[in-house]
Amino acid sequence: MSESLFGEDVIVRTIARLVAPFIQLFGLYVLMHGHVSPGGGFQAGVIIASSFILLALALGLPESKERFKKTIRLPMESSGPLIFALIGVTCILAGGYYLQYGIAFLFPPAVVSAILISAVEIGIGITVLAMIVTIFYAMAGD
Amino acid sequence: MTWASHLPIIVVLIPLLTAYITPMLGWMDKRICNPLVIVSTSFAFIASLLLARSVLTRGVISYHMGGFAPPFGIALVVDYFGAYMCIVISFLTLMAAIYSREYIAKELHESKTAPYYTLLMLMTGGMMGASVTGDLFNMFVFFEILSISSYALVAITGKKVAILASYKYLLLGAIGTSFTLVGIAYLYILTGTLNMADLSVRLASLYGVGRSSWTLLVALAFFMVGYSIKAALFPLHTWLPDAHSMAPSSISAVLSGILIKVGALALIRVLFNIFQPEFVVETIPVTSMISWMAAVAIIVGSLFAISQVDLKRMLAYSSVAHIGFIILGVGLATGYGTTGGILHIFNHAMAKGCLFLCAGAIIYKTGLRNIDDLAGLGNKMPFTMAAFTIAALSMIGIPPTAGFISKFYLGLGALETGTWSGWVFIGAILLGSLLTAIFYMRVINNIYFKEPLHREDVQRDETPLGMLIPILILAGGCVIFGIFPRIPLSLAEPAAKLLLGI
C-alpha cells in the first residue's frame with residue numbers, strides 16, 4: 001500500500017496533519033495523570049499510537065513510517081520494560097521489596113511513590129506506543 | 001533485609017532483563033548476544049543455587065511484591081520444589097545457550113540471532129517465574145510468557161513444516177491456557193482470592209458443601225485438562241511430536257527438557273498446593289486417574305517412538321513416555337513415588353537435553369535425520385556418540401546412570417501404595433523401560449555396528465568444541481548424579497514431603 005486510502009484528498013490530509021499533534025498531546029496528558037486519575041501508560045501509548053495510525057491512513061504508510069522510523073521504535077520497544085524493571089530494582093536498592101513504591105528515598109514516601117509510579121507509567125507508555133505502531137505497520141505490509 | 005532475601009525476584013529478573021537488553025545490543029552488534037545470554041544465564045544459575053541453599057537453611061521463602069502482604073498482594077513463594085525447578089531450568093538453559101553459539105550461526109539466518117536469544121530469555125524468565133510464584137493468576141501470566149515465546153521459537157527457522165507445527169502447538173496451547181483461565185475464574189468466584197496458600201485454606205471449608213463443591217470440581221477439571229495439555233500428558237500430547245522435532249535442536253532440548261516439566265509443576269501446584277492432598281487422593285481420586293493416564297502414556301509413547309524413522313521425532317515421542325513417568329510419580333502421591341517423579345524431572349532434563357543436542361550436532365555435521373542413515377557415525381563423531389549412548393542408557397534406566405535412580409524410586413513408590421494397581425504401575429514402568437531400550441538400542445546399533453553405505457564418508461569429523469562441551473557436561477551429569485543421587489535428592493525429597501504434607 002504505497003498510496004493512502006483517500007488518494008490526494010486535501011481535506012483528509014490537512015485535517016489528519018492538524019489533528020495528529022493534538023492527539024499526541026492528549027496522550028501525554030493521559031500519561032502524566034495516570035497515577036491520580038483514570039488513564040495511565042497503556043491508554044496513553046494507544047492514544048499516541050493512534051495518531052501514527054491516522055497518519056498512515058490519511059497520508060499513506062511510507063509517510064507515516066518516515067515520521068516514526070524503525071531505528072527509533074526498536075530501542076523504544078525494549079526500553080519500556082527495562083525502565084519498569086529497573087525501577088523495581090531501585091526499590092530493592094532503597095531497602096524495600098521489588099516495586100515497593102512507598103519507600104523513603106531522598107524524599108518522603110508519598111512523593112517517591114508518585115515519582116516512581118509516573119516513571120513506570122512512562123515506561124509502559126513507551127513500549128505500548130512502539131509495539132502498537134509496529135504491529136500496525138507489520139499488518140499493513142511492512 | 002539482606003540481599004539474599006531478594007533472591008526469588010532476582011532469579012526471575014535476570015533472564016527477563018536480559019531479554020530486553022538483548023535486542024538493543026544485538027541491534028548494534030549481533031556477536032554480543034551470545035556472550036550476554038551465557039553470562040546472564042550463569043548468574044541465574046548461581047542465583048538459583050543460592051536460592052536453594054537459602055531455602056534449605058531457612059525453609060519456605062515468601063517474598064511480597066511491592067511490599068503488600070499476601071493475600072492482598074502478589075507473593076513469590078519458593079519451596080523446595082520451586083528452588084529445585086529453578087536450578088534445573090537455569091542449568092539446561094545455560095547448556096542450550098553455550099551450544100547455540102555455533103549451532104545457531106549455521107542453522108538460522110543472521111537476522112534472527114537477536115530475536116532467537118530474546119525469545120529464549122523470555123521463555124526462561126517465564127519458566128522461572130512459574131516455578132517461584134505463589135499466586136495462581138501470576139502463574140497464568142508466566143505461563144503465557146513462556147508459551148508465546150515457545151510458539152515463536154518453534155517457528156523461528158521459518159520452514160513451512162516448522163510454522164505448521166508451531167501453529168498446531170499454538171492452537172492446542174491456547175486451548176490449554178483458556179481452560180486454566182476458566183479454572184482460575186471459578187476458584188476466584190468461589191473464594192475471592194488468588195493466592196495459593198490462601199486458596200487452599202478457603203477451599204478446605206468448601207469440600208462437599210452443596211453447589212460450591214460442584215464448582216470446585218469443575219475448576220479442578222479445567223485445571224487438569226489445561227495443564228495436562230501444557231505438560232503433554234498422554235491423550236493431550238498431539239502437539240508435542242511436531243513442535244519438538246521441528247524446532248531448532250537447542251530449543252528442542254529446552255522444550256523437551258524443561259518446558260513440559262513446568263506444565264507438570266503447575267499440575268503439582270494445583271493438586272497439592274491449592275487443593276489438599278487428602279482431597280485429591282481420597283475424596284476425588286484425581287491422582288489415581290492421572291496415574292493410570294500416565295501409565296498409558298509410558299506404554300503408548302514408547303510404542304509410538306519405536307515406529308518413528310526420524311531421530312528427533314523419536315526423541316519427541318520418548319518425551320511423551322517420560323512425562324508419563326513424572327506424572328506417574330506425582331499421581332502415586334506417596335513419599336517415594338513423588339520423590340521419584342520430581343527426581344525424574346532433573347534426570348530426564350539432563351538425558352533428553354543431551355540427546356536433543358546430540359541430534360542437533362548430527363544434523364549440524366551431516367544433515368541426517370533418518371535413523372537408518374546414521375550408520376558409521378560412531379567412528380565419525382566418537383565423543384558425541386558416546387554422550388548419546390550414555391544419555392540413552394540413562395533414559396532406559398540402566399545403573400549407574402541417573403535414570404535408574406528415579407525409576408527405582410518410582411517403583412518403590414508404586415509398591416508403597418500397597419494395592420494391586422501399584423503392581424500394574426510397576427509393570428508399566430518395566431515395560432516402558434524395555435520399550436525405551438528397544439528404540440534407543442536400534443539407534444545405538446546403527447551408530448556403532450552397522451556397515452555404512454559409503455565407507456569413504458566415514459572420517460573423523462567431530463562436533464565443534466563449543467557444541468561438544470554442553471553435550472559432554474550433560475552426559476557426565478547423567479553418570480555423576482547416578483552415582484551420587486544424594487545431591488538432587490537433598491532437594492527432591494523434602495520437596496515431595498512438603499507437597500504431600502508428610
Side-chain angles (χ1 to χ4, degrees), chain A residues 35 40-42 45 69-105 108-110 112-131 133-135 138 142, chain B residues 1-28 30 33 36 40 47 61-70 72-76 78 111 114-115 117-119 121-122 125-126 128-129 132-133 135 138 141 145 148-149 152:
Chain A
H35 59 291
F42 193 92
K69 290 197 185 75
K70 196 177 180 186
T71 47
I72 305 168
R73 271 185 279 135
L74 206 124
M76 277 172 82
E77 283 162 11
S78 317
S79 58
L82 274 181
I83 293 174
F84 196 124
L86 290 177
I87 283 173
V89 175
T90 315
C91 298
I92 291 182
L93 294 179
Y97 283 105
Y98 184 75
L99 282 181
Q100 184 174 10
Y101 302 119
I103 35 166
F105 180 60
V112 174
S113 76
I115 294 170
L116 290 183
I117 292 175
S118 298
V120 164
E121 296 287 358
I122 290 170
I124 297 169
I126 289 172
T127 307
V128 171
L129 159 62
M131 282 316 298
V133 172
T134 305
I135 292 171
D142 193 359
Chain B
M1 245 184 310
T2 56
W3 61 271
S5 60
H6 292 293
L7 277 171
I9 189 71
I10 289 172
V11 292
V12 184
L13 265 184
I14 292 173
L16 284 182
L17 271 177
T18 321
Y20 294 116
I21 297 170
T22 311
M24 290 208 277
L25 290 181
W27 184 50
M28 288 183 249
K30 287 191 175 51
C33 290
L36 177 75
S40 84
I61 300 175
S62 177
Y63 187 81
H64 308 161
M65 295 279 276
F68 298 107
F72 305 108
I74 293 173
L76 302 181
V78 193
S111 64
Y117 288 113
T118 309
L119 288 167
M121 283 294 100
L122 268 181
M128 293 286 229
V132 298
T133 187
D135 185 282
N138 201 225
V141 173
I145 293 176
I148 289 172
S149 33

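So that the names make sense, note that chain A is the first sequence line, chain B the second, and so on, each numbered from 1. Note that this is a predicted model, so its numbers are computed, not measured.
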Query raised in the report: From A/Ser78 OG over to B/Leu25 CG, what is the distance, rounded to the nearest 0.5 angstrom?
Result: 9.5 Å

Report summary line: Between B/Trp27 and A/Thr71, the two heavy atoms sitting closest are CH2-O, 3.4 Å

Requested in this report: Determine yes or no for a side-chain-to-main-chain donor-acceptor pair under 3.5 angstrom, with B/Tyr63 supplying the side chain and A/Tyr98 the backbone.
Outcome: yes

Report task. Tell me, with the steps shown, if B/Ile9 and A/Tyr97 meet side chain to side chain contact (heavy atoms under 4.5 Å, CB included). Result -> CA-CA 9 Å; B/Ile9 189 71; A/Tyr97 283 105; over 6 Å; no

Report summary line: Turns out that what part of B/Leu17 lies under 4.5 Å from chain A's heavy atoms comes down to both

Report task. Calculate, to the nearest 0.5 Å, the distance between atoms OH and OG1 belonging to B/Tyr20 and A/Thr127 respectively. Result -> 8.0 Å

Report task. Can you see which heavy atom on B/Pro23 is nearest to which on A/Leu74, and at what distance? Result -> O-CD2, 3.9 Å

**Report entry** Interatomic distance, B/Met24 atom CE to A/Met76 atom CE [nearest 0.5 angstrom]
**Finding:** 12.0 Å

Query raised in the report: side-chain hydrogen bond (donor to acceptor under 3.5 Å, both in side chains) with B/Thr18: which residues, sequence neighbours excluded?
Result: B/Ser40

Requested in this report: Quick one: pull up CD in A/Gln100 and CE in B/Met65 and give me the separation to the nearest 0.5 Å.
Outcome: 11.5 Å

Query - All side-chain contact (heavy atoms from CB on, under 4.5 Å) counterparts of A/Ile117, not counting sequence neighbours - result: A/His35, A/Tyr101, A/Glu121

Report summary line: Rounded to the nearest 0.5 Å, the CG atom of B/Leu16 sits from the CG atom of A/Leu82 at a distance of 10.5 Å

